[in-house]
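Below you'll find the structure, written out as structure tokens, and then a few comments.
For ligands, and for the atoms within them, numbers begin at 1 and follow the listed sequence. Since the structure is predicted, the reported quantities are computational estimates derived from the model, not experimental observations. In this chain, numbering begins with 1 at the start of the sequence shown.
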Amino acid sequence: MSTKIGVLVMSYGTPESMDQVEAYYTHIRRGHPPTPEQLLELTERYEAIVGGVFPLRANTDKQVAALQETLGQLNQGSDKQFVCYQGLKHARPFIEDGVEQMAHDGIKQAIGIVLAPHYSVMSIGGYIKRAEEKAAELGVEMSFVHSYHLHPKLIKAFADRVCAKLDQFKEGGANRDQVKVLFSAHSLPERILKMGDPYQDQLLETAGAVAAEAGVNNWQFTWQSAGRTADPWLGPDILDTLRSLSQEQVEDILVAPVGFVSDHLEVLYDLDIEAKTIAKELDMRLERIESLGTDPLYMETLAECIMKQVTDLK
Ligand code: FEC
């Protein structure tokens, strides 16, 4: 008989409808409701991306289904059967709901993984802490994949996307080396650096590895999507980076948001609308690589990390 192993696939989460934006934003702010101005501003950003649809939900659903299939294929004939459950950070089904569902289905052992490759105590650390607490309460043994930012298949998937877009610049008449590749990720409060957090180093390692794999020399790293709080956030922000590059006469920009794996607000608004608008004002051409979504190389990255982590279970 095969052993069933639960896989808690965790992701940021997004509202299901416009009337849930306030509850979602309040959850992100740890129970503090946003001001009416903050709420309006966020609602307008959602309306701007695809007319009030929340693409992250369908995209996460597709990624979890594709991962389930990949795990099934890679474990055909094995004595282990992996069963995926979703657990979202800021929306239903919450991380705790996912663990509860596993326990309800009789799962005794599980692996947790987040649909974000880089570890920070403020991001992945938060997901893991919540899952761990619920699992301990319900008697499910869990082990976690902390990061996978240098997995060769992840690097190849990003590099393929960088090369595909650089080819489009070439068709438009730009020399490949003329294009500045900007690797980006969600900013976090600067205080993480004093805490010895690996987030920034891991991101720089991913950027360097993708650049090497894609044969790109003209690149730099920049932050994006800093929160609307009084804390100083890691910079430079992509909008400032674009202004500086414009002064250096750079005209062609390719953004590779390697901190994200899916199309959602931070990509579709912060890059495709906000950064593109600034680039246009500065007379620059800005393109973005396609998100990974259900790319088989990404699904295999996740599956291989999960299967390796199983050895950590008793
Ligand atoms: O499409 C969607 O509906 C959701 C898109 C979304 C993703 C995402 C990923 C990350 N965040 C990270 C850190 C922070 C910190 C704060 C923060 C705030 C927000 C707000 C929205 C939001 N985030 Fe997010 N994030 C997404 C969306 N994020 C909306 C609230 C309004 C705003 O500030 O823009 C500040 C919270 C606080 O007040 O303390 C910190 C990190 C990631 C990437 C890793 C991951 O996916 O977990 C890090 C997607």
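Heavy-atom proximity to Glu266, at under 4.0 Å, picks out these atoms of ligand 1: 5 (C), 6 (C), 7 (C), 8 (C), 22 (C), 23 (N), 25 (N), 26 (C), 27 (C). Applying the 4.0 Å criterion to heavy atoms of His264 picks out, from ligand 1, the atoms 1 (O), 5 (C), 49 (C). Per-residue contacts place Ser123 under 4.0 angstrom from the following atoms of ligand 1 (heavy atoms of the residue considered): 48 (C). When each atom of ligand 1 is checked for a heavy atom of Thr14 under 4.0 Å away, the hits are 1 (O), 2 (C), 3 (O).
Taking the charged nitrogens against the carboxylate oxygens, Glu133 and Arg130 have no contact shorter than 4.0 Å, which rules out a salt bridge. Between Glu290 and Arg161 no salt bridge is recorded (no basic side-chain N to carboxylate O distance below 4.0 Å).
Annotation: atom 1 (O) of ligand 1 to nearest protein heavy atom, Leu265 N, 3.0 Å. Regarding atom 40 (C) of ligand 1, its nearest protein heavy-atom neighbour is Trp233 CH2, 3.4 Å. Of the protein's heavy atoms, Arg30 NH2, 3.8 Å lies nearest to atom 37 (C) of ligand 1. For atom 38 (O) of ligand 1, the nearest protein heavy atom (residue, atom name, distance) is Thr229 CG2, 3.9 Å. Here the heavy atom of the protein found nearest to atom 46 (O) of ligand 1 is Tyr127 OH, 3.7 Å. Here the protein heavy atom with the shortest distance to atom 14 (C) of ligand 1 is His186 CE1, 3.4 Å.
Using a 4.0 Å cut-off between heavy atoms, Ile124 makes no contact with ligand 1 at all. By the criterion of a heavy-atom distance under 4.0 Å, the side chain of Tyr25, and not its backbone, is placed next to ligand 1. Residue Leu42 touches ligand 1 through its side chain alone, judged by heavy-atom distances below 4.0 Å.
In this pair, His118 and His149 present their aromatic rings tilted. The plane angle is within the 30 to 60° band.
Using a 4.0 Å heavy-atom cutoff, Arg45 is listed among the residues neighbouring ligand 1.
The option with the heavy atom closest to atom 43 (C) of ligand 1, from among Phe54, Phe260, Tyr24, is Phe260.
For Tyr12, the nearest N, O or S atom to atom 24 (Fe) of ligand 1 falls under 2.8 Å.
In this structure, the separation between CG on Leu254 and CZ on Arg285 is 9.5 Å, given to the nearest 0.5 Å.
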